[in-house]
Amino acid sequence: TSVKQIEETNMVELTVTANSAMDSYRTITSIMENYDQVSHYVVGNVILYVIQQPVIPLSPSNSKSPVRPMQYAFLLGALAAIAYVAFFSHRRDTVKNSHQMKEKIDAKLLGTVYHEKVRRNRKKPDEHPSMLIDNPLRSFAFVESSRMAAARLRSRMDRSHVKVVMVTSVAENEGKSTVTANVALSIAREGKKVLLIDCDFRKPSQYKIFGQTEERNFVRLLKDGKAEAAVTQYQNTSLYGVFNTQADPAAERLLESGELKRMIDRYRESMDYIILDTAPLALVSDTE
């Protein structure tokens, strides 16, 4: 029960709340019926006039809004989903850092290329920003880690007297072609003659990375014995690239014929290093 005096008047507002609507109505009615007798012992000669009769409430005054429980439910659901993904991501037998690379992969770790965040042009959403290390917009960590990986690779090739290296991945969109392009460019910037061949005949991408717009069908040129026509010098560097722009689903016949191997053997004399960008291992058997 609460009583509130209305300012600058001799009126009061009487409010009663209870567990049920009928209890609140009976309580306020009882107060009004016994007010005269009870107030006589306090102030005396007080008469209560009722301006507005009490009514039975039709709805609770403190009804709970469904918004807050929905917010809590959404938050709990989101936290549960994050925990679920984190748990199974942690349990997956994948390589997440360089330490796990040394533990799980039977190969030498030559370097770790740091992840590079790329902001696309909102006005030109189809335009692919250059991921090459000669792009001044690339971060210092990305450029230096790419150069260090290329330097270690070249040092290992020199010690083993190897000229040809093949780069591949397990699946698509793992950064294979970007790493390959920057390794080739890094070695070429040291004054070495490098030939980069895009051997991903199913989904070539090196021409996009280097911004080559001229149409070339490397598979057809190789079949016709004109493989040298596909070789292009990149700007004024000592990097030469075979930028294939057209996919060929029948590339396995070309690989079985030995034409690609003979082309590589011809360029062993004129090039210091030959780098092959191949298709992902889990998708097709071309790389194997």
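Counting from 1, the numbers follow the sequence of the chain as shown.
- A donor-acceptor pair is defined here as one N or O able to donate and one able to accept, closer than 3.5 Å; such a pair exists between the side chain of K163 and the backbone of M271.
- A side chain to side chain contact (heavy atoms under 4.5 Å, CB included) with D286 holds for exactly one of T278, T168, L255; it is L255.
- Contact between A141 and Y114 at its shortest, heavy atoms only, is O-CD1, 3.8 Å.
- No side-chain donor-acceptor contact under 3.5 Å links E288 to the backbone of L281.
- Panel note: side chain S160, backbone M157; no donor-acceptor pair is recorded below 3.5 Å.
- For F140, there are no ring pair (Phe, Tyr, Trp, His ring centres under 6.0 Å) partners, not counting sequence neighbours.
- Using a distance-only test at 3.5 Å, with no hydrogens or angles considered, a donor-acceptor pair links the side chain of N182 to the main chain of M131.
- Between the side chain of T287 and the backbone N or O of P280 there is no donor-acceptor pair closer than 3.5 Å.
- For the pair V164 and V162, the tightest heavy-atom approach, listed with the atom from each and the gap, is O-CG1, 3.2 Å.
- Evaluation of the salt bridge (charged side-chain N to carboxylate O under 4.0 Å, His left out) rule for R262 yields E259 as partners, not counting sequence neighbours.
- Of the options D248, L283, V284, a side chain to side chain contact (heavy atoms under 4.5 Å, CB included) to R202 is made by V284 and by none of the others.
- In this model, no donor atom of one side chain and acceptor atom of the other lie less than 3.5 Å apart for R138 and S146.
- Contact record, F243 with R216: O-CB, 3.6 Å, taken as the closest heavy-atom pair.
- For the pair Q206/L196, a side-chain contact is recorded, criterion being any heavy-atom separation below 4.5 Å from C-beta on.
- A side-chain donor-acceptor contact under 3.5 Å links S177 and S205.
- Side chains of S155 and R159: a donor on one and an acceptor on the other come within 3.5 Å.
- Judged by distance alone, the side chain of K193 and the main-chain N or O of Y240 form no donor-acceptor pair under 3.5 Å.
- The hydrophobic cluster around M22 extends to Y25, I56, counting ILVMFWY residues whose side-chain heavy atoms fall within less than 4.5 Å of a member.
- Residues satisfying the side-chain contact (heavy atoms from CB on, under 4.5 Å) criterion with H99, sequence neighbours excluded, are N97, E103.
- Residues passing the salt bridge (charged side-chain N to carboxylate O under 4.0 Å, His left out) test with K104 are D93, sequence neighbours excluded.
- Every residue meeting the side-chain contact (heavy atoms from CB on, under 4.5 Å) condition with D134, not counting sequence neighbours, appears here in chain and number order: L132, L185, R189, Y234, Q235.
- Scanning both residues, I209 and A181, for their nearest heavy atoms gives CG2-CB, 3.9 Å.
- With D272 contributing its side chain and K192 its backbone, the two residues share no donor-acceptor pair below 3.5 Å.
- Proximity of a side-chain donor or acceptor of N244 to a complementary backbone N or O of D198 within less than 3.5 Å is not detected.
- For the pair T245/Q212, no side-chain contact is recorded, criterion being any heavy-atom separation below 4.5 Å from C-beta on.
- The backbone N or O of L75 sits nowhere less than 3.5 Å from a side-chain atom of Q71 that would complete a donor-acceptor pair.
- Within the 3.5 Å criterion, the main-chain N or O of A21 finds a donor-acceptor partner in the side chain of S24.
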